[in-house]
Amino acid sequence: WFAVAVFVFFYTLIVLSLPMEAITKKFALGITLNYLMHSAKHSAEPQPEPALPSRVTYEVMVLGLWGCLPAILCVLIPCPRSGRAKVLAMHEAESLVGDIDEVAHLLLRGYCEGQTALDRTRLVKYFAKMERSIANMSRYLNEAWYEPGSTAMVNRLSVVLTMVYKLRAELYGMQKALTDGQAKQFNEENHKDVIQNLEAPMTDLVEKSLVLLHSVQELVVSSTAASDYSNVALAPDDVMPDQRHRQAREAIKLLIEQRLGGDGVGEDPLQATKDSLEAFHHRLSELRDSTKDREARQQIKRSERVEMDAVLMMFMFSVTGFAQQLLDFSDEYAETMEEAQQAKSWFAADSKMVALQFQKKQLVAAFKTAVALTAAASCNAYYFHYEATSPVIIAYLMAGHVGSSYANTVSRVLGVLFGAIMSFCILIFAQCNIYARAVGFVFIVFLASFVRFTSPHASYMG
């Protein structure tokens with residue numbers, strides 16, 4: 001058992017340090033520990049009962065390889081219903097763009113004309129839907145890393161997801177300004193001045209920004225849009241790496257802006273948004289100067305100037321921030337594409353996770369888990385006749401990273417206990433009948449998968 005314990009310690013340390021998904025690490029440790037305890041138990045049996053022959057290990061490995069085959073085929077064979085993760089992520093991105101369009105129009109109309117109870121209800125519904133879509137898109141992108149040929153699309157959709165986060169923050173700012181304006185006594189005269197002087201340029205800015213948003217969506221989802229940023233000419237090898245990367249980003253940014261600029265026949269959405277933003281800033285500056293002059297003539301107090309109206313300025317800055325986030329899209333997109341180009345790896349998730357996993361705190365967490373598993377397995381080997389339940393449960397409950405919430409740990413405990421109880425019940429009622437056990441196995445997998453994808457909280461239990 002001493003040799004097995006040493007192997008358990010180093011095997012756990014290595015598995016937890018590898019750049020793999022946490023659930024893969026859990027099952028790798030759990031299944032390996034289960035077999036090691038089973039093998040050690042048979043090897044420790046007194047004669048004449050024979051020890052577990054080495055042929056059993058070979059057969060277990062063959063069964064494992066045969067089990068990997070259908071899993072690989074399920075990943076490689078396209079689903080007839082196009083239910084793959086990257087396709088679902090694209091659909092969520094399209095839904096988010098449509099929701100942002102609706103919310104921006106509702107907020108603009110609410111500021112200019114006043115919010116009705118129906119508008120507030122619709123905004124609550126749209127914001128809740130955006131929250132769900134963002135959570136689903138983030139989950140689909142994590143799963144799409146493991147689909148063949150999805151790296152380029154996942155890179156692009158990741159930039160879109162980041163942009164949506166920022167746009168949602170600006171929309172929240174607009175909604176907060178409207179809510180504060182209804183709750184507080186706001187300046188009626190300033191509001192009239194804004195409607196008279198800024199309603200037209202503000203409406204034009206929002207409309208131009210939304211046109212640019214749809215152009216960004218078309219750029220990302222179109223099959224030709226992502227093509228070959230890798231073919232962008234780079235500086236010679238004798239140039240400093242930082243300069244080469246900067247030149248590559250500038251070249252990719254220029255290419256993206258050309259594609260966002262349209263086909264040259266209609267209006268350039270990117271340039272139109274820039275012009276509209278400059279015009280809005282100019283009109284807002286004129287309005288601020290006019291109120292400053294009125295203060296100088298003692299027609300109004302300093303607290304009544306436009307820039308002193310917190311609610312009004314929050315809405316104005318959120319509108320300009322909304323447009324600016326879309327204008328900055330080409331910078332973030334170019335940086336992401338350049339990083340993917342420099343990585344020279346088809347599996348970008350690995351290149352990002354390796355830097356995360358091999359940190360001191362990750363190795364410390366792996367060392368602690370390895371000690372816990374080795375101690376539990378040794379205790380069970382000496383005092384509980386090589387029972388594998390305790391080390392396997394620890395393997396399934398460990399988080400695989402530094403820090404874990406108490407609620408998530410409780411969910412994992414419930415999942416392990418419920419799964420064990422269900423499995424024992426099916427084994428008892430099946431009475432070793434192969435077909436009954438197969439039906440029960442399918443039922444448990446279906447139930448666990450349903451729980452796994454129901455919500456982010458239930459996924460720990462699943």
Side-chain angles (χ1 to χ4, degrees), residues 1-18 20-46 49 51-52 56-57 59-61 63-64 67 361-428 430 437 440-441 444-445 447-448 451-452 457-462:
W1 174 251
F2 180 76
V4 176
V6 172
F7 175 80
V8 167
F9 176 81
F10 285 102
Y11 179 77
T12 304
L13 193 63
I14 292 173
V15 168
L16 294 182
S17 301
L18 288 176
M20 296 188 298
E21 195 181 15
I23 193 68
T24 307
K25 298 178 181 180
K26 294 174 186 291
F27 281 103
L29 293 177
I31 294 173
T32 303
L33 287 169
N34 197 10
Y35 178 72
L36 284 175
M37 300 296 286
H38 182 68
S39 175
K41 177 181 179 179
H42 281 269
S43 299
E45 291 290 344
E49 183 177 345
L52 196 66
V56 176
T57 302
E59 291 177 350
V60 169
M61 293 180 63
L63 287 174
K361 60 182 181 180
Q362 302 294 334
L363 294 177
V364 170
F367 177 81
K368 291 181 178 180
T369 306
V371 171
L373 284 176
T374 306
S378 300
C379 181
N380 280 21
Y382 284 107
Y383 297 107
F384 298 101
H385 199 53
Y386 298 94
E387 177 59 45
T389 304
S390 176
V392 170
I393 287 181
I394 293 176
Y396 288 158
L397 295 185
M398 68 91 190
H401 56 79
V402 179
S404 181
S405 69
Y406 177 76
N408 293 340
T409 304
V410 171
S411 296
R412 287 194 289 265
V413 172
L414 293 177
V416 172
L417 295 178
F418 185 73
I421 292 172
M422 288 290 293
S423 302
F424 281 125
C425 290
I426 289 177
L427 288 175
I428 291 172
R437 281 190 296 169
F441 179 74
I444 287 184
V445 172
L447 181 63
V451 175
R452 165 71 175 84
H457 302 289
S459 64
Y460 286 100
M461 185 180 296

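Residues take their numbers from the sequence shown, with the count starting at 1. These figures come from a predicted structure and were not determined experimentally.
To the nearest 0.5 angstrom, T369 atom OG1 is 10.5 Å from F9 atom CZ. To the nearest 0.5 Å, atom CG of residue L414 and atom CD1 of residue I421 are 9.5 Å apart. Taking CZ from F441 and CD1 from I426, the interatomic distance works out to 10.0 Å, rounded to the nearest 0.5 Å.
Nearest heavy atom pair, residue P391 against residue L33, reads O-CD1, 3.7 Å. Scanning both residues, S390 and N380, for their nearest heavy atoms gives CB-ND2, 3.3 Å. Minimum interatomic distance between I444 and S423 (heavy atoms only, all atoms of both residues): CD1-OG, 3.8 Å. Residues V15 and A28 share a closest heavy-atom pair of CG1-CB, 4.3 Å.
With hydrogens and angles ignored, the 3.5 Å screen pairs no side-chain donor or acceptor of S39 with any backbone N or O of Y35.
Qualifying ring-ring contact (aromatic ring centres under 6.0 Å, His included) partners for F384, counting only residues two or more places apart in sequence or in other chains: none. Residues passing the side chain to side chain contact (heavy atoms under 4.5 Å, CB included) test with F418 are M422, L447, sequence neighbours excluded. A search for side chain to side chain contact (heavy atoms under 4.5 Å, CB included) contacts involving A430 returns A436, R437, not counting sequence neighbours. Not counting sequence neighbours, the partners of F7 by the ring-ring contact (aromatic ring centres under 6.0 Å, His included) test are Y11. Annotation: side chain to side chain donor-acceptor pair (under 3.5 Å) contacts of T389 (sequence neighbours excluded): E387. S378 meets the side chain to side chain donor-acceptor pair (under 3.5 Å) test with W1; sequence neighbours excluded.
A side-chain contact (heavy atoms from CB on, under 4.5 Å) with L29 holds for exactly one of V8, I394, L373; it is L373.
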